[in-house]
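The structure appears right after this line, and notes come after that.
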Amino acid sequence: MMIKTFFLLLFSVVISAQKIQLVQLTQNIKDKSKSAKSLTIIDDREDPKIGSVSHQNVPFEIQFKDNQMENAVQEWFLSDNKKLGNTDFILLIETLKAYDEPTKKSTIGKFNVKLSSFVKKGDKYYFVSRLSDKFSFQPKYDVHIPKLTANKLSFILSKIINETYSNPTIDVALNENELKNYEEIISKQIKSLNSETLSDGVYPDFISFLKQEPSKEYAVNKNKKGTAIGFINAKNWPVVERLFGYVENGTAFRLTPVGFLEMKKDEKGFFVISSKNALSTQVSEGMIAGSLIGGVVGGAVAGAIDSKDSQSSKMQKIYIDSLTGAYILD
């Protein structure tokens with residue numbers, strides 16, 4: 001009996017001494033348009049725990065304040081939005097999982113995340129944005145993996161919330177019980193995915209491409225060789241801002257950091273043939289415009305691509321998220 005009691009006490013001490021890494025929600029999520037009335041969390045995960053990653057072989061459980069994610073996000077939202085509007089925003093938590101992955105030499109910290117956001121009108125939900133990514137942290141390069149994981153989660157939450165304030169919705173009404181299958185339901189009603197032919201014209205953004213509603217305000221600008229080098233407006237002036245792309249003779253072309261790439265489609269959706277490095281390169285709109293006008297990829301763009309590792313430089317199918325237009329790089 002005394003032995004059992006000893007082990008129970010030892011177990012309770014181990015549990016109570018477990019390390020915790022709190023997620024600090026410090027980024028700005030103020031809705032500048034002052035339209036936000038509420039931000040509600042819908043947690044669709046089977047396991048409510050985020051999980052643990054280790055620092056110096058000691059596991060740290062990633063948690064929100066008081067282990068209450070919804071309360072922490074609500075406090076964050078109300079702290080940054082003193083004046084409320086009339087729009088109800090919803091954040092759907094699909095995946096939040098942190099874990100250690102052993103390797104031959106060490107242990108890598110892994111963090112997988114998938115979040116989607118909606119606007120609620122009455123009892124209907126309308127898709128706005130989605131963020132899905134996988135992260136790896138290596139002890140050799142990353143000093144404190146639990147802190148990095150918590151900081152990454154905070155940054156991702158602020159990113160999708162701020163996008164939700166400003167991004168347009170997809171006009172497909174969903175009931176709450178349909179949120180689990182929102183992608184399948186919405187995809188069946190997207191014209192660009194389900195039409196046999198695409199409408200010719202310039203598409204300023206991805207939503208206009210989904211709806212197959214080209215703009216009459218723009219046209220494709222081509223050089224003497226017939227190569228597309230950008231867009232022009234109704235006054236025949238070059239368009240500096242970055243537009244999504246265009247369709248010509250039923251073929252879609254998307255503006256990328258390396259110029260216009262043809263968008264093809266198979267059973268998985270739209271894709272381009274490129275490398276992960278090329279499409280993940282962070283370049284400015286001005287740099288892209290300058291490169292296109294010159295008819296070649298700008299030196300700064302090419303240099304940024306070449307400086308990356310060769311593994312991700314392989315030419316391959318890069319699929320496009322059917323609801324957001326983002327490249328699927330993982």
Side-chain angles (χ1 to χ4, degrees), residues 22-45 48 64-66 68-96 113-133 150-183 185-187 189-190 203-211 213 215 217 241-244 285 321-326:
L22 287 179
V23 180
Q24 302 291 338
L25 301 174
T26 58
Q27 286 85 359
N28 187 352
I29 57 167
K30 183 177 181 179
D31 178 14
K32 295 179 181 178
S33 69
K34 298 180 180 179
S35 66
K37 176 184 178 183
S38 65
L39 176 63
T40 303
I41 299 289
I42 297 179
D43 196 344
D44 194 39
R45 297 173 298 159
F64 287 87
K65 179 184 175 183
D66 299 326
Q68 296 291 326
M69 176 174 57
E70 184 170 357
N71 290 346
V73 174
Q74 282 289 333
E75 289 179 11
W76 186 28
F77 170 77
L78 292 174
S79 175
D80 279 4
N81 292 276
K82 303 297 184 183
K83 186 174 182 180
L84 302 178
N86 300 308
T87 306
D88 294 312
F89 293 105
I90 308 296
L91 187 59
L92 179 66
I93 313 298
E94 300 181 70
T95 303
L96 277 184
V113 58
K114 186 176 182 182
L115 311 171
S116 299
S117 62
F118 302 80
V119 166
K120 186 179 181 183
K121 299 177 181 179
D123 61 349
K124 300 297 182 182
Y125 297 79
Y126 298 84
F127 178 87
V128 182
S129 187
R130 175 165 65 185
L131 199 156
S132 179
D133 214 335
N151 290 342
K152 179 65 71 173
L153 175 51
S154 179
F155 171 78
I156 288 170
L157 284 169
S158 67
K159 186 175 187 298
I160 192 169
I161 291 170
N162 284 317
E163 285 180 357
T164 302
Y165 292 150
S166 57
N167 285 7
T169 61
I170 293 179
D171 296 329
V172 177
L174 301 168
N175 297 317
E176 186 171 350
N177 60 6
E178 293 178 313
L179 291 180
K180 287 188 176 183
N181 302 312
Y182 70 88
E183 183 172 9
I185 296 169
I186 295 173
S187 295
Q189 300 189 49
I190 292 177
Y203 294 88
D205 50 46
F206 183 66
I207 293 294
S208 62
F209 179 74
L210 288 186
K211 295 180 178 180
E213 296 177 353
S215 173
E217 296 181 15
E241 62 266 26
R242 189 177 181 181
L243 306 186
F244 177 76
E285 295 175 355
D321 188 307
S322 59
L323 302 187
T324 68

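When reading the values below, keep in mind they use all heavy atoms of this one structure, side chains included, and skip hydrogens, waters and symmetry mates.
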Non-neighbouring partners of F206 that pass ring pair (Phe, Tyr, Trp, His ring centres under 6.0 Å), sequence neighbours left out: F244
Nearest 0.5 Å, what's the NZ-CZ distance between K37 and F77? 10.5 Å
Backbone N/O of I29 and side chain of Y165: donor-acceptor pair under 3.5 Å: yes
Where is the tightest heavy-atom contact between V172 and Q189, given as atom of each residue plus distance? CG1-NE2, 3.5 Å
Taking atom CG of N28 as the centre, report whether more than 12 heavy atoms of other residues, nucleotides or ligands fall under 6.0 Å from it. yes
Sidechain-backbone polar pair: S215 side chain, E217 backbone, donor-acceptor under 3.5 Å: yes
Donor-acceptor under 3.5 Å (S154 side chain, Q24 main chain): yes
Do you know the tightest heavy-atom contact between S38 and D88? OG-OD1, 2.6 Å
With a 4.5 Å cut-off on side-chain heavy atoms, are T324 and F127 touching? yes
For F89 and S35, the nearest pair of non-hydrogen atoms, with its separation, is CZ-OG, 4.4 Å
L96 side chain reached by M69 side chain, heavy atoms, under 4.5 Å: yes
Step by step, would you call L323 with I190 a side-chain contact (heavy atoms from CB on, under 4.5 Å)? CA-CA 9 Å; L323 302 187; I190 292 177; 3.6 Å; yes
Side chains of I93 and D44 in contact at under 4.5 Å (non-hydrogen atoms): no
Value for CG (L22) from CG (D66), rounded to nearest 0.5 Å, stands at 8.5 Å
Out of curiosity, K211 NZ to D205 CG, how far, rounded to the nearest 0.5 Å? 8.5 Å
Can you tell me how far the OG atom of S132 sits from the CD atom of E94, to the nearest 0.5 Å? 8.0 Å
Tell me if the NZ atom of K114 is crowded by more than 12 foreign heavy atoms within 6.0 Å. yes
Note, V119 side chain near Y125 side chain (heavy atom, < 4.5 Å): no
Please check this pair: side chain of D43 against backbone of P48, looking for a donor-acceptor N/O pair closer than 3.5 Å. no
Pairwise distance NZ(K159) to CD(Q27) - rounded to 0.5 angstrom: 12.5 Å
Are the side chain of S117 and the backbone of S129 linked by a donor-acceptor contact shorter than 3.5 Å? yes
E176 and I42: which non-hydrogen atoms are nearest, and at how many Å? OE2-CD1, 4.3 Å
Considering only heavy atoms from C-beta outward, does the side chain of L39 approach that of I161 to under 4.5 Å? yes
Search all heavy atoms of P168 against all heavy atoms of I207 and return the closest pair with its distance. CG-CG1, 3.6 Å
Looking at Y126 and T169, what are the two nearest heavy atoms and their distance? CB-CB, 4.0 Å
Check whether E70 reaches the backbone of T40 with its side chain - one donor and one acceptor, N or O, closer than 3.5 Å. no
Neighbour count >12 (heavy atoms, 6.0 Å) for atom NZ, K65: no
Just wondering, do L157 and L91 contact through their side chains at under 4.5 Å, heavy atoms? yes
Nearest 0.5 Å, please: how far is CG in L25 from CD in Q74? 12.0 Å
pair I186-L174: side-chain heavy atoms closer than 4.5 Å: yes
